[in-house]
Amino acid sequence: MITRNSLYRRLLTWLLLPMLALGGLMLFQAWIDARQTADRAFDRLLEAATLAIAEQVQWQDDRLWLDLPPAALEMLATDAEERVFYALYDNRGRFVTGNAELPGASDEAIAADGGLLYRDIQWRGMALREGIRRTRLEDWRQRERFDVRVAHTQEGRERLASQLLRGNLAYILGMALLAAATMVIAIRTALAPLTRLRRAIRARDPRTLAPLELPLPRELAELRETLNELLARMRRVRANQERFIGDASHQLRTPLAGLSARAELALRQDDPAQWRQALIAMQETSTRTSRLAMQLLSLTRLDNPEYRPQLAPVALDGIARQAVKQHWSACHRDGIDLGLETPQNTVEVQGLDWQLEEALGNLIDNARRYGAHRITVRVTEAPPMLEVEDDGPGIPEAKRLLMLRPFHRGSDDPDGSGLGLAIVDGIARTHGARLGLADGHDGQGLKVTLSFPGDPP
Amino acid sequence: MKALLLLFTLLLPLTATAQVVHYPAASGTERPEPLIVQGALDVANVRPLLDDFHRRHPHVELTYRNLDTLPLYRRFLATPDEADVLISSAMPWQYRLVNDGHAQPLDTPASRDWPAWARWRHELFAFTFEPIVMVVRRELVERYGQPDSHDELLAILRDHHDALRNRIVTYDPERSGAGYTYAIEESRLSPRYWDLVTALGNVDTALVDTTGEMLEGLASGRYWIGYNLLGSYARRVVDANPDLEMVVPDDYTLVIQRLAFMPRQAPHPRSAQRFLDYLISEAGQGVIAGQTTLGAIHPELSGPGTADAWRAEHSNALRPLSLGPGLLATLDNLKRQALLTRWRREFEREDGTP
């Protein structure tokens, strides 16, 4: 389930990483808090010790005098057995007594802290916390100012701080575990509908195109709707295909049934002239049927969306000339005037010559079949265009789109397959060309236009 | 620094006559481990310990130098990289050195198990238990009875101050660190101490520097009462001399302890650790209990020669100096001046009481 690129992992990472950062921040804050709390607690000792010493400072023999109370030093050393230092300085900063010459502080710093200053110092390689009390003698005549400075090492503070931190650490770790567990459960719950959707799709009959019906959260419901739309399109495509196959088999069955009936009829007779007549008729029918099969084949190929033929430069006027040459005799037999209009220059487009020839053939055939007297094949240069115009009955504008569907015929014509325009439409799409149906000259007949994209070859 | 050192080597013979005991490494030892111990602990008491230690570690080349407490302190400050282990009964001075960061910690099973009241930071270790006692002569007991407490001593001094003139001896608090320490502790324990000082002054008490001098005078019959002697030294002399009697006052008896530590700059830290660990081991403490008069304090030991035995006999009276920063107050210059001034004043005052 957890692969390199899983949603689960991605969610987990992006939720857990910020939480880790947050946890780190909380830990740092807890450490600072623990230090501050420990400092506050132990600074009270410095305060009490300086006070106890300051109370014993007197004026005696014309100098500052101190009867050092041992308890003042005892209170600075807790169970952690801190090293203890003290000193008394007079108002000119001269050392009066003490066991260490502790550094002083500026007047401003002490005044800012109300006559009592705590700070961390480095002294002889030891990290000490120093407390400085600046006060005066409360004598009637003598109001001399003096400093009491005491300091101790920080083992007790560190011990208390680490105790506090340990307490907080357990709390933070517990919270983190709870949050992580909640997060994992939440992600699993949130991703569960996805699994349900997957199972629903997998469990389906592969042949069915029925829409998916299962309750899903909104985001996934959109995905379900999109899938259902795709399925609906596939259903339409399949319906089209089924109808096409039905139509095609119907179209093939009719001439084949005719052939079979004709052969049966001919076999009952003994006259070779009759046989010959039947064979000629059968040959005509089979030719038409094979043409129908050819057309069906090319239409299927053209309808295949995977079909992407390699286009090559072809000369439109050459193709038009070739098509006119092929159909001229047939038209001449029917008394139809087949004409050709080409520009002086060769018009080249990207295309497949055999397809374009077939398209032109189909159009000329159609025009001939539907009773035109005059057919003009026209090639224009700019834009590159193939045009076939006739003066037949034409197609009313409302029906023109219908004409592009396979097996739809304009009128009852036993010879027409109803595939001609559909094939031309498929060829146009293969070439990226636009198929246009319009009225012919003077509102008579039909003009079919294939406009190719205007890019130079 | 060099000049100071030179000065010291010149002055040293005048200020202190150092007794040196030397144990060469056992013959055949490829790389002897030197060990230099400096102590304020008389050779008679330290020798059994050194013997036993050297028997256990014959490859150690052991040098023991015996000094008085204050010369020991000054010598250490002048040359902090000379000694591997420092032993002294001057508790405030030893404490001050360790408080100032001159010691290195000892981390061994023995040091972790050592009772908390007898160590500080695993750097400073108390390894003996030595009450401060009085020694009286037979003549005094026969005439005036034996003073069993400070109160009785004060009464005897007041009642017979003419007879006892020049017959009393005690420490001079000005010259002796031990005397000063006892004076400040006693003045803290009871305000009546000053009456005693006045009484001592009225009988022209002799003031000397060491317990040894007091014992000498007592043994020769010059003094009848010695006040504030180191019990560990007095025991040996009293046991050998039927004319002398050791008195442990039953109102209060100060107890001092020898403190040992390894200097941070000890030249041979490995052998230093070995020796300090030995001092607080059951073996070392057993030697202290059995062969010295110092008093062992190892919690596993009991019976004669241990703190346990002292407590069983005098539990209410024993007042050991607490091993803590309060000792620093003892060393405060102004406090020392104030105490000595008062002591001198009280000592020279005429006693008003009849």
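Worth knowing before you read on, the calculation uses all heavy atoms, side chains too, and leaves out hydrogens, waters and symmetry mates. So you know, we letter chains A, B, ... as the sequences are listed, proteins then strands, and number each from 1.
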When rounded to the nearest 0.5 angstrom, what distance separates [atom1] in [X] from [atom2] in [Y]?
{"X": "Leu88(A)", "Y": "Asn333(B)", "atom1": "CG", "atom2": "CG", "value": "11.5 Å"}
{"X": "Tyr86(A)", "Y": "Leu328(B)", "atom1": "OH", "atom2": "CG", "value": "7.0 Å"}
{"X": "Leu334(B)", "Y": "Leu66(A)", "atom1": "CG", "atom2": "CG", "value": "6.0 Å"}
{"X": "Glu74(A)", "Y": "Leu327(B)", "atom1": "CD", "atom2": "CG", "value": "7.5 Å"}

Checking heavy atoms, do the side chain of Glu155(A), its backbone, both or neither come under 4.5 Å from chain B? side chain
Does any heavy atom of chain B fall under 4.5 Å from the side chain of Leu64(A), the backbone, both, or neither of them? backbone
When you look at [atom1] of [X], are more than 12 heavy atoms from neighbouring residues, nucleotides or ligands closer to it than 6.0 Å?
{"X": "Arg44(A)", "atom1": "CZ", "value": "no"}
{"X": "Arg270(B)", "atom1": "CZ", "value": "no"}
{"X": "Tyr171(A)", "atom1": "OH", "value": "no"}
{"X": "Asp107(A)", "atom1": "CG", "value": "yes"}
{"X": "Arg199(A)", "atom1": "CZ", "value": "no"}

Over all atoms of both residues, closest heavy-atom pair of [X] and [Y]:
{"X": "Val84(A)", "Y": "Asn99(B)", "answer": "O-ND2, 2.6 Å"}
{"X": "Ala329(B)", "Y": "Pro70(A)", "answer": "CB-CA, 3.8 Å"}
{"X": "Trp65(A)", "Y": "Gln337(B)", "answer": "CH2-OE1, 3.5 Å"}
{"X": "Asp100(B)", "Y": "Met126(A)", "answer": "O-CE, 3.7 Å"}

Can you say whether Ser322(B) sits under 4.5 Å from chain A via the side chain, the backbone, both, or neither, judging by heavy atoms? side chain
Please report the C-alpha distance between Arg119(B) and Glu81(A) in whole Å, then the side-chain angles of each, then the deciding distance to 0.1 Å, and finally whether the side chain to side chain contact (heavy atoms under 4.5 Å, CB included) criterion is met. CA-CA 10 Å; Arg119(B) 61 160 172 78; Glu81(A) 301 184 319; 3.5 Å; yes
Would Arg121(B) and Arg83(A) satisfy side chain to side chain contact (heavy atoms under 4.5 Å, CB included), going step by step from the backbone distance to the final call? CA-CA 9 Å; Arg121(B) 287 181 73 103; Arg83(A) 300 178 199 279; 3.6 Å; yes
